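Accompanying notes for the structure given below.
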Amino acid sequence: MTEREPVRGPEQRKQDVLDRLEKDEDVWVATASADGVPCLVPLSFVWDRGTLLLATRRTNPTAVNVTPSGQIRVTLGHTRDVVLIEGTAEIVEGTDLPAESGDTFAAKLAWDPRGRSAWVYLRVTPYTVKAWREENELAGRELMLDGTWLV
């Protein structure tokens with residue numbers, strides 16, 4: 001058995017979350033259809049203007065599922081270093097995406113879906129962010145509530 005990491009304070013947890021949002025390239029995205037069928041897929045993303053920007057085919061369940069309610073869950077990391085984000089997602093057509101956002105996406109991920117009509121962007125606005133490593137960090141894991149950082 002390995003020794004646990006020491007418990008991080010809220011400021012350190014928030015900084016670790018922001019670092020991961022800047023550096024990580026992929027997240028797990030969870031949505032559900034109108035009749036409750038879950039969908040979990042990995043998608044690449046960029047942290048752009050306080051939101052996550054992802055791209056997927058407009059006909060994929062992830063894009064279809066966010067249309068009715070906009071609810072979405074996104075996770076970064078593995079089971080021993082979790083960042084769980086709950087938010088609302090909106091569909092953004094490539095032609096409606098600000099050039100700076102599209103350029104940021106293309107530069108980080110070396111891929112540019114703008115101009116591909118089969119693809120849409122999802123802009124995820126977080127309203128809850130939680131972060132924890134193990135059981136010893138479950139207390140105080142809430143870093144954002146109702147769209148406002150607590151630290």
Side-chain angles (χ1 to χ4, degrees), residues 1-34 36-56 60-92 94 96-113 119-151:
M1 184 170 173
T2 60
E3 190 173 318
R4 284 187 195 179
E5 295 275 340
V7 175
R8 298 170 292 170
E11 294 83 8
Q12 185 61 55
R13 284 191 208 194
K14 179 182 177 186
Q15 187 57 57
D16 290 349
V17 167
L18 292 173
D19 289 346
R20 296 211 56 189
L21 288 167
E22 285 296 327
K23 295 175 185 170
D24 285 13
E25 293 183 356
D26 301 310
V27 293
W28 285 101
V29 179
T31 60
S33 67
V37 177
C39 177
L40 179 67
V41 296
L43 292 175
S44 298
F45 80 99
V46 296
W47 182 240
D48 179 56
R49 304 172 192 205
T51 65
L52 291 97
L53 187 63
L54 310 99
T56 188
N60 283 352
T62 301
V64 172
N65 291 348
V66 301
T67 304
S69 72
Q71 292 183 313
I72 197 165
R73 283 190 178 164
V74 177
T75 61
L76 292 101
H78 52 81
T79 58
R80 302 267 184 217
D81 190 6
V82 177
V83 176
L84 174 62
I85 299 169
E86 296 177 346
T88 55
E90 63 177 319
I91 302 286
V92 180
D96 296 332
L97 189 70
E100 183 181 333
S101 296
D103 293 347
T104 299
F105 189 96
K108 180 178 180 184
L109 302 172
W111 178 62
D112 190 348
W119 292 82
V120 293
Y121 290 90
L122 302 178
R123 186 173 294 281
V124 178
T125 302
Y127 57 77
T128 302
V129 176
K130 299 176 184 177
W132 69 95
R133 288 192 176 142
E134 298 196 37
E135 182 276 331
N136 64 342
E137 285 196 353
L138 289 177
R141 66 186 164 212
E142 292 86 7
L143 300 175
M144 177 188 283
L145 292 174
D146 298 323
T148 301
W149 289 103
L150 302 176
V151 292

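Below, each value reflects all heavy atoms present in this structure, side chains not excepted, and no hydrogens, waters or symmetry copies. If you're wondering where the values come from, they're calculated on a predicted model, not measured in any experiment.
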Applying side-chain contact (heavy atoms from CB on, under 4.5 Å), run through Q15 and D19 and close with a yes or a no. CA-CA 6 Å; Q15 187 57 57; D19 289 346; 2.8 Å; yes

Pairwise distance [atom1]([X]) to [atom2]([Y]) - rounded to 0.5 angstrom:
X	Y	atom1	atom2	result
L84	L76	CG	CG	9.5 Å
D81	E134	CG	CD	9.5 Å
D48	Y121	CG	OH	10.5 Å

Check whether the ring centres of F45 and F105 lie less than 6.0 Å apart, and answer yes or no.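 Between F45 and F105, the centre distance exceeds or equals 6.0 Å.
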
Heavy-atom closest contact ([X] atom, [Y] atom, distance):
X	Y	value
V124	A89	CG2-CB, 4.1 Å
W132	R141	CE3-CD, 3.8 Å
W119	P113	CB-CB, 4.0 Å
T62	C39	OG1-SG, 3.8 Å

Is the side chain of [X] donor-acceptor paired with the backbone N or O of [Y] at a distance under 3.5 Å, no angle test?
X	Y	result
T67	A63	yes
E86	P126	no
K108	E22	yes

With [X], which of [options] fulfils side chain to side chain contact (heavy atoms under 4.5 Å, CB included)?
X	options	answer
I85	V27, T128, L21	L21
L122	L53, L52, T56, T31	T56
R13	V83, L143, V129, V151	L143

Using the side-chain contact (heavy atoms from CB on, under 4.5 Å) rule, take L43 and D26 through it: C-alpha gap first, then chi angles, then the decisive distance, then the call. CA-CA 6 Å; L43 292 175; D26 301 310; over 6 Å; no

Presence of salt bridge, R133 and D16, under 4.0 angstrom: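 The answer is yes: the pair qualifies as a salt bridge.
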
When you compare the side chain of [Y] with that of [X], does any pair of heavy atoms fall below 4.5 Å?
X	Y	value
Y127	D146	no
L150	E142	yes
T148	M144	no

Do other residues, nucleotides or ligands put more than 12 heavy atoms under 6.0 Å from the [atom1] atom of [X]?
X	atom1	answer
E90	CD	yes
R73	CZ	no
D96	CG	yes

Should V66 and I72 be marked as a side-chain contact (heavy atoms from CB on, under 4.5 Å) after you check the CA-CA gap, both sets of side-chain angles, and the distance that decides it? CA-CA 7 Å; V66 301; I72 197 165; 4.0 Å; yes

I would like to know whether V17 and W149 meet side-chain contact (heavy atoms from CB on, under 4.5 Å); could you show each step before the answer? CA-CA 12 Å; V17 167; W149 289 103; 4.2 Å; yes

Non-neighbouring partners of P98 that pass side chain to side chain contact (heavy atoms under 4.5 Å, CB included), sequence neighbours left out: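 Listed in chain order: R49, S101, R123.
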
List in chain and number order the residues that pass side-chain hydrogen bond (donor to acceptor under 3.5 Å, both in side chains) with E25, two or more places apart in sequence or in another chain; answer none if no residue qualifies.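 Listed in chain order: nothing, the list is empty.
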
